[in-house]
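The sequence lines fix the lettering, A, B, ..., with proteins before strands; numbering per chain opens at 1.
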Amino acid sequence: GQQLNQSPQSMFIQEGEDVSMNCTSSSIFNTWLWYKQDPGEGPVLLIALYKAGELTSNGRLTAQFGTTRKDSFLNISASIPSDVGIYFCAGLDPGTASKLTFGTGTRLQVTL
Amino acid sequence: GAVVSQHPSWVICKSGTSVKIECRSLDFQATTMFWYRQFPKQSLMLMATSNEGSKATYEQGVEKDKFLINHASLTLSTLTVTSAHPEDSSFYICSAPDRRKTDTQYFGPGTRLTVL
């Protein structure tokens, strides 16, 4: 099936640094979701975006819904060791009743 | 947030046997649930959409007769992997949108299936 492209694919950063990742699609979405997945667990919803241009924060996390509706960005400020994991973006297909298309994932490693 | 559970969390079975995985929404009702599989270091790939009271909808390339889905109630969907083979070993994850807010989905903790 279709996948969204995320970049970077992986990143190693030091504790305290800020992190930016993005997600792009060839088609538009009406809703963008960002998830974090820890090893051996299911994804956990971080932020949901419902409108083009929307900027939403959840603690140290900030996400934006791109104005073209074909991309989204996630920023993590002042990273901490527990931020380690895989971050997935997901787009909600318009007109398909909650069917999600997932990104390829960004693996984040945080060093002390 | 809403809670979705899966059972079992892991299972090991012999080749040729069938395995049933349950997905439950604990504090909300879901007329639709989704089943994904995830191979190591890869993203989630949608397998099928489970619909309460009607047949499941399968994604292209997913064998209907091999992956049987039953959505018995507004809080329970089951995935049965029939005649499992080693290549079916994977991490199976379900998700459910809250019926009151269908644009947000909640995922179960996943089931690790290992077929020997």
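A continuous path of hydrophobic side-chain contacts links B/Val81 to B/Ile69 [ILVMFWY only; heavy atoms under 4.5 Å]. The hydrophobic cluster containing B/Val62 also contains B/Ile21, counting ILVMFWY residues as joined when their side-chain heavy atoms lie under 4.5 angstrom apart, directly or transitively. The same ILVMFWY cluster, assembled from side-chain heavy atoms under 4.5 Å apart, contains both B/Trp10 and B/Leu116.
The two atoms that bring B/Gln38 and A/Phe88 nearest to each other are NE2-CZ, 3.8 Å, heavy atoms only.
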Problem - Full working for ring pair (Phe, Tyr, Trp, His ring centres under 6.0 Å) between B/Phe34 and A/Phe102 - result: CA-CA 13 Å; B/Phe34 299 93; A/Phe102 271 86; over 10 Å; no
Problem - Intermediate values then yes/no, salt bridge (Lys or Arg N to Asp or Glu O under 4.0 Å), B/Arg112 and A/Glu41 - result: CA-CA 9 Å; B/Arg112 171 78 56 195; A/Glu41 298 182 16; over 6 Å; no
Exercise for the section: Run the numbers on A/Leu100 and B/Tyr36 for side-chain contact (heavy atoms from CB on, under 4.5 Å), then give the verdict. Expected result: CA-CA 10 Å; A/Leu100 288 179; B/Tyr36 297 82; 3.6 Å; yes
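The local environment of NZ in A/Lys51 is sparse, with at most 12 non-hydrogen atoms from other residues, nucleotides or ligands closer than 6.0 Å. The environment of CD in A/Glu15 is crowded: more than 12 heavy-atom neighbours from other residues, nucleotides or ligands sit within 6.0 Å.
Proximity to chain A is limited to the backbone of B/Gln42, based on heavy atoms less than 4.5 angstrom apart. In this structure, the portion of A/Gln37 lying under 4.5 Å from any heavy atom of chain B is its side chain and not its backbone. Of the atoms belonging to B/Leu44, heavy atoms from both backbone and side chain fall under 4.5 Å from chain A.
Side-chain atoms of B/Leu46 and A/Lys99, non-hydrogen and from C-beta on, do get closer than 4.5 Å to each other.
Judged by distance alone, the side chain of B/Ser43 and the main-chain N or O of A/Gly105 form no donor-acceptor pair under 3.5 Å.
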